[in-house]
Participant: 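Mind having a look at this structure? Questions to follow.
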Protein chains: 2
Amino acid sequence: MQLRRGDVLDGAMAILDEYGLADLTMRRLATSLGVQPGALYWHFPNKQTLLGAMADRILERVDAPVSSEQWDDGIAELAHRLRKALLAHRDGAELVAATYASRMTSNLARESFVGAGVRAGLPRPYAELAAYTLLYFVLGHTVDEQSRAQLEALGALTRTPASPDTETAADLGSDDDFLDGDPQVRFDFGLALFIDGVRARLATDSRTR
Amino acid sequence: MQLRRGDVLDGAMAILDEYGLADLTMRRLATSLGVQPGALYWHFPNKQTLLGAMADRILERVDAPVSSEQWDDGIAELAHRLRKALLAHRDGAELVAATYASRMTSNLARESFVGAGVRAGLPRPYAELAAYTLLYFVLGHTVDEQSRAQLEALGALTRTPASPDTETAADLGSDDDFLDGDPQVRFDFGLALFIDGVRARLATDSRTR
DNA sequence: ACCTGAACACCGTTCAAGT
DNA sequence: ACCTGAACACCGTTCAAGT
């Protein structure tokens, strides 16, 4: 019957998925666990630490070894895996972005990116910087994508469901055709831009040497 | 003696610069303006709207016309200008990132990036996507850079000032030489990676056509 | 038109005291 | 070791009533 650290974490993840980050309060979490708010502070020193543990759990398996031998495919695989992990939980991207803002340095996702960069032939300092760049892109893109999707899900319920065929896309429309296109497409484009940039740098380097 | 919308905005910016985003509360703002909390709600419907107005003010002049004719220099100039604007206020990057997460679409900084991309010769949808990618990078980098700088400023005051010469850099050190190197250098690297990526895409396009 | 007074419905965190 | 009870010091927002 006793509460363990893992139970608190599980409860927090459950509230996140069902009600979102804004509704994840220590008091609500305590209630859902049938315990007084103060009890949580025996298991976690503060809310920030709990959020950090949640972020770690969300990213648990993104740093697994990559399947491809090609460095570019490897980077793409890692980036896709990271995005998928973030999208797997409500407000997942926002939570991770907020938590990792202060501790970008010690970050499993970044480490993996660095490894892929080094394997690509980038000098280590370059790989470090490239990893940051990619991480910024993936986090930024995914936060945006997720908040947009949630807004739309909210609007879809609020709006009068006129005809089910038109409600999928092209609502805000205007003339920017690509803006509310498949987020996957937009993600892949940015990723390709990044990989092309790395490739260009590699070419420059080998020509210089 | 009457409070105007602009006064509220000015007061909010002053609190931001002096105490940071976390200490910018409606109640504190009201007190600093010599007014009851409720009074603020006559000028702004809620805190979120006020934060949005602050973000707009921070980015006021980033979309000014660019000096260079070269598209790559133009993009670099815009990116640098955006970074500088974010760094000009305490927690400026965090505020803008948080506020613009939901309204990435209507964003003056993005518009400028799109323009530069189109001038570069990118098809418009590509330019749109490239603009997002760059924006994600600049915001992500600058949020990180600023929070890091503020942590260090805090640590510099807390830590025993042993010898003034060693406190500048290379503290966390380890073997990652570049990590706490000049943020400007790291920023320029990521920017170069992006521009190289765009260049590569342009080359591919012209070869295909 | 603009603001006060006062409340409503919350927060995160601490800590003596209990078991 | 783990939790309760109860408090402390706050929040954002609303709204009748005042001027």
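First the proteins, then the strands, lettered A, B, ... as listed; each starts at 1. Keep in mind that what you see is a predicted model, and the values were worked out from it rather than measured.
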Participant: Check the phosphate of C:dG5 against B:Gln36, side-chain N and O only, distance under 4.0 Å to OP1 or OP2. Yes or no?
Facilitator: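 True: B:Gln36 side-chain N/O within range (under 4.0 Å) of C:dG5 OP1/OP2.
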
Participant: Within this structure, what is the NE2-CD distance for the pair B:His89 and B:Gln146, rounded to the nearest 0.5 Å?
Facilitator: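 Going from NE2 on B:His89 over to CD on B:Gln146, the span is 10.0 Å.
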
Participant: Using atom CG of A:Leu3 as one end and atom P of D:dC2 as the other, report the distance to the nearest whole Å.
Facilitator: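 Nearest whole value for this atom pair: 10 Å.
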
Participant: How many Å lie between NZ on B:Lys47 and P on D:dT14, as a whole number?
Facilitator: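 From B:Lys47 NZ to D:dT14 P: 14 Å.
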
Participant: How about B:Phe44: does its CZ atom have over 12 heavy atoms from other parts shown lying under 6.0 Å from it?
Facilitator: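 Yes - once you tally the heavy atoms of other residues, nucleotides and ligands closer than 6.0 Å, there are more than 12.
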
Participant: Without decimals, in angstroms, what is the distance between A:Met26 CE and D:dC3 P?
Facilitator: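 So the CE-P distance, A:Met26 to D:dC3, works out to 13 Å.
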
Participant: Report the distance from atom CG of B:Leu29 to atom C1' of D:dC11, rounded to the nearest whole Å.
Facilitator: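 After rounding, the reported distance stands at 14 Å.
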
Participant: Rounding to the closest angstrom, what is the interatomic distance between D:dC8 and C:dC10 at atom C1'?
Facilitator: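 It works out to 15 Å between them.
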
Participant: Tell me which nucleotide, if any, is Watson-Crick or G-U wobble paired with C:dA7 when both distances must be under 3.5 Å.
Facilitator: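 Here C:dA7 is engaged in a pair, and the nucleotide opposite it is D:dT13.
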
Participant: Nearest heavy-atom pair of B:Ala85 and B:Leu59: which atoms, and what distance?
Facilitator: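 Closest pair (atom of B:Ala85, atom of B:Leu59, distance): CB-CD2, 4.5 Å.
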
Participant: Rounded to the nearest angstrom, tell me the gap between atom CD in B:Gln2 and atom P in C:dT4.
Facilitator: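 B:Gln2 atom CD is separated from C:dT4 atom P by 11 Å.
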
Participant: Counting only side-chain N and O atoms of B:His43, is one of them less than 4.0 Å from OP1 or OP2 of C:dA1?
Facilitator: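 Answer no for this pair, as no side-chain N or O of B:His43 is under 4.0 Å from OP1 or OP2.
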
Participant: Looking at D:dA1, which nucleotide sits across from it as a Watson-Crick or G-U wobble partner, both distances under 3.5 angstrom, or is there none?
Facilitator: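 With both distances under 3.5 Å, D:dA1 matches C:dT19.
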
Participant: What closest approach, in Å, do A:Leu51 and A:Thr99 show between heavy atoms, and which atom pair accounts for it?
Facilitator: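 Answer, listing the atom of A:Leu51 first, then A:Thr99: O-OG1, 4.0 Å.
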
Participant: Once you round it to whole Å, what is the distance between P of C:dT4 and CZ of B:Arg27?
Facilitator: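 The answer, rounded to whole Å, is 14 Å.
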
Participant: Between D:dC15 and C:dC3, how far apart are the two C1' atoms, rounded to whole Å?
Facilitator: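 Comparing C1' positions in D:dC15 and C:dC3 gives a spacing of 12 Å.
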
Participant: Side chain of B:Tyr41 only, please: which of D:dT13, D:dC2, C:dT4 is the nearest?
Facilitator: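 Out of D:dT13, D:dC2, C:dT4, the nucleotide with an atom closest to B:Tyr41's side chain is D:dT13.
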
Participant: Looking at A:Leu21, A:Asp10, A:Leu29, which one forms a side chain to side chain contact (heavy atoms under 4.5 Å, CB included) with A:Ile15?
Facilitator: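 Option passing the side chain to side chain contact (heavy atoms under 4.5 Å, CB included) with A:Ile15: A:Leu29.
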
Participant: When the distance from CG of B:Asp7 to C1' of C:dC2 is rounded to whole Å, what number comes out?
Facilitator: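 For the pair B:Asp7 CG and C:dC2 C1', the rounded distance is 13 Å.
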
Participant: Provide, to the nearest angstrom, the distance between the CZ atom belonging to A:Arg4 and the P atom belonging to D:dA1.
Facilitator: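 From A:Arg4 CZ to D:dA1 P: 16 Å.
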
